[in-house]
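For reference, the structure is listed below as structure tokens.
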Amino acid sequence: MTWSILRLLRENPEALRESMRKRGLDPSIVDRAVELDTAWRQLKRRVDEVRHRHNVVTRSISRARDPEERRRLIEEARRLIREREELEAQLKRVEEERRKLLLSLPNIVHESVPVGPSDEYNVPVRFWGKPRVHPDFLEAFRQQTEKYGFKVDYELIDWKPVGHADMLEKVLRLGDTLRAAKVAGSRFYYLFDDLVWLDLALLLYAMDKLTSKGYRLVEPPYMIRHKILMGVIDVETFKEAIYKIEGEDLYLIATAEHPLAGLYSGEEIMEDRLPIKLVGVSPCFRREAGAGNRDLKGIFRVHQFHKVEQFVYAKPEESWDILEELIRNAEELFQGLGLPYRVVNVASGELGAPAAKKYDLEVWMPAQGRYREMVSASNTTDWQSYRLNIRLVRRKGMVREYVHTLNATGIASTRTITAILENYQEPDGTVVIPKVLRRYLEPFERAPKEAIYPVKKE
RNA sequence: GCCGGGGUCGCCUAGCCUGGUAGGGCGCCGGCCUGCUAAGCCGGUGGGGGUGUCCCCGCGCGGGUUCAAAUCCCGCCCCCGGCGCCA
């Protein structure tokens, strides 16, 4: 059973150093890891050897009948224990250090990932839809399209759309972040009436589409243990994103990805059961500790929201195809909603530690003149499954390896609502409801069907 | 929260009282045999190190006793059942 990172560490450490450099991390960690691993292996041999000698003596005691002989053997065993304990203490130290270091290593950057320290190095791979562009943003629009060699058809509009935050609080008056701040703090929100229906309709839409593709619908635990959490994220993410339950070994999930990855932790999965495709629906809780003052207004970046999440357990040889499938699924959802987007191949420096490669789907925001992230799709290869000990059993020869895991947003409710508020906005402030959502609103008498209307000005 | 039962190599299970290399069944893998299939027979079946034939570790987790712990002792976690509480 081999973990890709450990294999590379022993067989081709330079490749691992290169991967670290691409992420903008110190490659000397790799050298330290090689050192520790070598030391560990040497020490392990010595310990095993002494353990063996002790075992031989110990076993011979039960067979020894002569009391004098027994006394002599027990004396010998005691001597070996002292020798063993000294070596074992050393081994334990090295082993612990090695374990920590190995778990701190990020996934290996895939060869197709653009190299660069920031999102400016993200490479758009395709565009869809016809964005509405105000003349003020025309130059910015070109910078985000033509600069990369894409010719994107757009609609020039002569009125300036109101930003999603003001739409929410002032034009529609269906959201209240000020009172939410009073009650819970900043980055919380109250949604009312039509926007609540819209939130739920978005979730139903994504659940409906993805289950029709054969994804199994899951409502997971919203709190999970520390052990599971550290199997799916790195320490940085943990510090920035995770809420802890006081006095218990429980943490609020930041996404359904976490409990879905934990679902088969510690288990063996027969290869003919793969791929296992899941669609989770859950609230998500995020501290946004590192976000600073970014997106402080509105509901673009908040401490809690609802999300429909795609998650797949896959065989290693199929995971790269499945990553494409996941981003295509998300694209279908956004095409259905009629929101113009681009897909970017995320630069090496912006990948989270778990991901080997990541696509973001970014929707054009007419009031901001920017494409903004709505969806993230990652192949985490065996990074999570190694930590969670999820093995793949091959029929042929009963070989054991680690499965690959992948995750991707389907729809994140609040963020998608911001995109709708800007893209479906009419000059008078009316927000037209995307047609695909209407069937999920039809059954409810009080739900909006065609559009959401601004409050009348007195 | 209380009481009781339990956690053994993928699954099921024996061993625990009485300490001395963890056994069986199912499943799976490889082979033999056989018109085919089934059955039958033989071997294998967790992690690690080393490598022609080897060794170490592994019985929920962590300690302790012992030359030696699945087995005895202490603490903890989890699961099941009953009681209590309860949306």
Side-chain angles (χ1 to χ4, degrees), chain A residues 1-11 33-103 219-231 244-245 247-251 259 262-274 276 283 313 315 382 385-403:
Chain A
M1 174 137 45
T2 34
W3 180 38
S4 59
I5 292 181
L6 186 59
R7 197 187 321 130
L8 214 54
L9 193 70
R10 289 179 181 175
E11 294 171 7
V34 172
E35 259 172 53
L36 273 172
D37 184 51
T38 308
W40 175 79
R41 285 196 280 174
Q42 281 170 357
L43 208 46
K44 174 155 169 56
R45 288 181 74 167
R46 292 175 62 197
V47 170
D48 282 354
E49 199 258 328
V50 178
R51 279 173 175 165
H52 175 59
R53 272 158 51 205
H54 177 255
N55 284 344
V56 169
V57 172
T58 284
R59 282 177 210 139
S60 71
I61 292 172
S62 61
R63 289 192 300 270
R65 287 283 156 264
D66 175 41
E68 190 53 44
E69 176 71 357
R70 280 181 81 94
R71 244 195 309 280
R72 201 189 59 74
L73 286 169
I74 288 172
E75 211 34 61
E76 171 71 3
R78 286 201 170 114
R79 199 186 58 74
L80 283 166
I81 286 172
R82 283 193 295 275
E83 194 179 337
R84 191 189 69 187
E85 281 175 342
E86 231 169 88
L87 284 166
E88 279 178 337
Q90 282 183 52
L91 181 68
K92 203 174 173 182
R93 271 198 306 277
V94 174
E95 204 160 48
E96 179 57 15
E97 216 180 317
R98 171 180 175 269
R99 189 189 69 84
K100 277 186 190 155
L101 203 90
L102 287 179
L103 288 179
E219 196 172 285
Y222 301 156
M223 298 175 227
I224 58 178
R225 296 178 203 288
H226 185 261
K227 194 179 158 190
I228 299 294
L229 196 52
M230 291 324 287
K244 185 181 188 336
I245 302 297
E248 301 203 44
D249 179 29
L250 284 175
Y251 300 80
L263 179 61
Y264 294 118
S265 59
E267 298 194 28
E268 290 182 343
I269 303 176
M270 288 290 169
E271 66 174 330
D272 47 25
R273 287 185 56 207
L274 296 171
I276 296 171
Y313 292 88
K315 287 186 272 191
D382 60 359
S385 58
Y386 169 74
R387 296 164 158 246
L388 291 170
N389 195 23
I390 308 170
R391 289 135 313 157
L392 156 65
V393 182
R394 305 274 190 186
R395 291 276 169 200
K396 203 74 193 155
M398 290 281 283
V399 184
R400 283 175 170 79
E401 319 166 36
Y402 290 99
V403 304

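We name chains A, B, ... by the order of the sequence lines, and we start the count at 1 in each one. Note: hydrogens, waters and symmetry copies are ignored here, and every other heavy atom, side chains too, is used.
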Sidechain N-carboxylate O distance under 4.0 Å for R72(A), E75(A): no

Measure the distance from NE2 on H52(A) to P on C55(B) and round it to the nearest whole Å. 6 Å

In Watson-Crick or G-U wobble terms, both distances under 3.5 Å, what is the partner of C41(B)? G31(B)

In whole Å, what is the span from the CZ atom of R53(A) to the C1' atom of C54(B)? 16 Å

Watson-Crick or G-U wobble partner of A22(B), both distances under 3.5 Å: none

If I take atom CD1 in residue I74(A) and atom C1' in nucleotide G20(B), what distance separates them, rounded to the nearest angstrom? 12 Å

Answer yes when R45(A) and D48(A) have at least one side-chain N-carboxylate O distance shorter than 4.0 Å, and no when they do not. no

With a 4.5 Å heavy-atom cut-off, do H54(A) and V50(A) have their side chains touching? no

Contact class for I81(A) (heavy atom, under 4.0 Å): base, sugar-phosphate, or nothing? sugar-phosphate

Counting only non-hydrogen atoms, which of residues 84-95 of chain A are less than 4.0 Å from RNA chain B? K92(A)

Tell me whether the OP1 or OP2 atom of A68(B) has a side-chain N or O from N55(A) closer than 4.0 Å. no

Whole Å only: how far is the CH2 atom of W40(A) from the P atom of G47(B)? 13 Å

Is the ring pair Y313(A)/Y264(A) parallel, tilted or perpendicular, if the boundaries are 30 and 60 degrees? perpendicular

Candidate list R99(A), R7(A), R10(A), test salt bridge (Lys or Arg N to Asp or Glu O under 4.0 Å), partner D37(A), passing option: R10(A)

Touch class at under 4.0 angstrom, heavy-atom based, for L73(A) against every strand present: nothing

When rounded to whole Å, the CZ to P distance for the pair R45(A) and C55(B) reads 15 Å

For G1(B), which nucleotide in any strand shown is its Watson-Crick or wobble partner with both distances under 3.5 Å? C83(B)

Could you please spell out the steps behind the salt bridge (Lys or Arg N to Asp or Glu O under 4.0 Å) verdict for E95(A) and K44(A)? CA-CA 9 Å; E95(A) 204 160 48; K44(A) 174 155 169 56; over 6 Å; no

